[in-house]
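As structure tokens, the structure follows; a few thoughts come after it.
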Number of protein chains: 2
Amino acid sequence: MRIVAAALALFAEHGVSATSLQMIADYIGVTKAAVYHQFKTKEAIVVAAVEVELAKLEEVLDAAEAAERDKSSLETLLTQVIDLAVEQRRMVSTLLYDPVIVRLLGEHEPFQQFMDRLYRAMLGKNRDAESRLRVAMIASAIGGAVTHPLVADLDATMLRTELVRLTTDFLGLED
Amino acid sequence: MRIVAAALALFAEHGVSATSLQMIADYIGVTKAAVYHQFKTKEAIVVAAVEVELAKLEEVLDAAEAAERDKSSLETLLTQVIDLAVEQRRMVSTLLYDPVIVRLLGEHEPFQQFMDRLYRAMLGKNRDAESRLRVAMIASAIGGAVTHPLVADLDATMLRTELVRLTTDFLGLED
DNA sequence: GTCTATAGAATGATAGAC
DNA sequence: GTCTATCATTCTATAGAC
């Protein structure tokens with residue numbers, strides 16, 4: 001869907017609220033009316049855009065749930081999440097922090113359930129405060145680091161490698 | 001300034017772009033025109049709001065620069081940054097990730113210089129990729145964790161204590 | 001599926017009275 | 001400093017022709 005791709009690019013740059021349907025239409029070279037023919041509302045575009053991005057996460061999450069939960073499967077999950085975050089570098093902070101998307105993730109039930117699955121996969125049976133904080137920190141560290149000005153000069157491969165090393169270290173998963 | 005306080009509260013909830021001057025005026029019970037009498041543009045309000053928040057960071061940064069740079073002064077800085085982040089829990093992700101504010105931090109010279117000072121205080125002479133990534137991760141982990149749904153139930157004291165422990169651990173500053 | 005045209009509301013900003 | 005009133009623009013969304 002060209003519309004969703006355009007929306008994602010514009011959301012990442014300007015945020016959801018500052019992205020108008022006119023901007024999306026211009027981006028792909030059609031009129032607003034053409035966009036409205038495929039999506040009844042702007043909100044529907046936002047939902048579709050979030051779905052597209054979460055779908056990528058879902059694949060690695062399925063795999064993680066299928067495997068038995070041990071150090072190596074957790075490390076695999078972490079590595080794949082990092083791969084995705086680095087690939088989607090420009091999108092990440094929008095998906096994690098844009099107020100419109102945050103509200104959507106909290107209200108839309110399918111999204112809520114998905115986030116629960118993700119957290120459960122990373123936490124396992126450890127639901128104590130420290131474990132939850134560790135996961136919250138790791139998730140934020142990955143999401144924030146990939147767009148941080150301090151490491152804007154690092155190429156994707158370098159960033160990926162170092163992030164995997166430092167996160168497995170922090171979670172105590174080193175071999 | 002009541003306007004700035006209102007703006008900050010609304011920015012934190014809706015983001016800068018989704019916050020109109022009408023909303024700010026309503027919040028403090030005056031008209032838009034009254035707001036425009038004190039701030040020529042919406043941008044000026046955003047600048048003032050960011051200045052107010054950065055001013056809090058500036059105090060602890062001044063202290064860090066005055067002290068000689070060693071483990072204990074770095075730990076002090078980290079602890080105070082965490083204190084501020086926990087106190088300003090609702091504001092943090094807006095200040096770090098709102099597209100309008102990000103653009104402002106990058107374009108406004110005083111803000112740029114301030115961020116440089118902050119990074120320098122945390123990095124010291126270590127400008128290698130791993131050190132920069134560690135700082136980027138720590139900054140993101142702190143900023144993200146304080147608003148993360150996984151730890152929304154933790155009270156401020158608990159969150160503060162655990163964050164200090166885990167971040168000093170990650171930076172290798174434990175005694 | 002795409003277009004033109006437009007409705008109806010909200011936006012940032014200004015003029016001028018009190 | 002605050003108000004009413006207004007302007008020009010932009011926004012989401014819809015109607016209807018091709």
Side-chain angles (χ1 to χ4, degrees), chain A residues 1-53 91 94-95 97-108 111, chain B residues 1-53 91 93-95 97-108 110-111:
Chain A
M1 209 68 105
R2 301 189 64 215
I3 293 176
V4 172
L8 276 168
L10 291 165
F11 291 166
E13 187 175 351
H14 304 102
V16 175
S17 288
T19 301
S20 70
L21 276 143
Q22 186 69 67
M23 290 162 75
I24 295 173
D26 290 349
Y27 192 95
I28 54 181
V30 297
T31 60
K32 277 188 295 180
V35 175
Y36 270 110
H37 184 260
Q38 301 188 51
F39 293 95
K40 279 190 184 303
T41 63
K42 183 184 175 182
E43 171 122 347
I45 299 177
V46 180
V47 171
V50 173
E51 276 170 350
V52 161
E53 290 303 299
M91 235 70 100
T94 304
L95 291 167
Y97 301 112
D98 186 285
V100 175
I101 292 180
V102 168
R103 182 173 45 73
L104 210 65
L105 290 175
E107 290 174 359
H108 239 65
F111 290 155
Chain B
M1 208 71 103
R2 301 191 64 213
I3 293 176
V4 172
L8 275 169
L10 290 165
F11 291 166
E13 187 176 351
H14 304 104
V16 175
S17 288
T19 301
S20 68
L21 277 147
Q22 187 68 68
M23 289 163 75
I24 295 173
D26 289 350
Y27 192 94
I28 54 180
V30 296
T31 60
K32 275 188 298 178
V35 175
Y36 270 111
H37 184 261
Q38 301 189 52
F39 293 94
K40 280 189 183 307
T41 62
K42 182 183 176 182
E43 171 121 347
I45 299 177
V46 180
V47 171
V50 173
E51 276 170 350
V52 162
E53 290 303 299
M91 235 69 99
S93 65
T94 304
L95 292 167
Y97 301 112
D98 186 286
V100 175
I101 292 180
V102 168
R103 183 173 44 72
L104 209 65
L105 290 176
E107 290 174 359
H108 238 65
F111 291 156

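Letters A, B, ... are given to chains in the order of the sequence lines, protein chains preceding strands, and every chain is numbered from 1. Hydrogens, waters and symmetry mates are skipped; everything else that's a heavy atom, side chains included, is used.
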Quiz item: Using a cut-off of less than 4.0 Å, is there contact between a side-chain N or O of A:T31 and OP1 or OP2 of C:dT2?
Solution: no
Quiz item: What is the distance, rounded to the nearest whole Å, between atom CZ of B:F39 and atom P of C:dA13?
Solution: 13 Å
Exercise. Map A:A33 and A:T19 onto DNA chain D by nearest heavy atom, then report which one ends up closer to the 5' terminus.
Key: A:T19
Self-check item: Any A:S20 side-chain N or O less than 4.0 Å from OP1/OP2 of D:dT10
Solution: no
Quiz item: Please give, in whole Å, the distance from D:dT6 P to B:K32 NZ?
Solution: 13 Å
Self-check item: Closest-nucleotide 5' rank along DNA chain D - winner of A:K40 and A:M23
Solution: A:M23
Quiz item: Which nucleotide in the set D:dG1, C:dA13, D:dC3 lies at the smallest distance from any side-chain heavy atom of B:H37?
Solution: D:dG1
Exercise. Please test A:I24 against A:K42 for side chain to side chain contact (heavy atoms under 4.5 Å, CB included), starting from the C-alpha separation and ending with a verdict.
Key: CA-CA 10 Å; A:I24 295 173; A:K42 183 184 175 182; 5.8 Å; no
Quiz item: Rounded to whole angstrom units, what separation is found between the CD1 atom of B:I28 and the P atom of D:dT2?
Solution: 8 Å
Quiz item: Between D:dA13, D:dC3, C:dT4, which nucleotide gets closest to the side-chain atoms of B:A34?
Solution: D:dC3
Quiz item: Which of the following nucleotides, C:dT2, D:dC3, D:dT12, is nearest to the side chain of A:Q38?
Solution: C:dT2
Quiz item: Atom CD of A:Q22 to atom P of D:dT14: distance rounded to whole Å?
Solution: 16 Å
Quiz item: In whole Å, what is the span from the CG atom of A:L21 to the P atom of D:dT14?
Solution: 11 Å
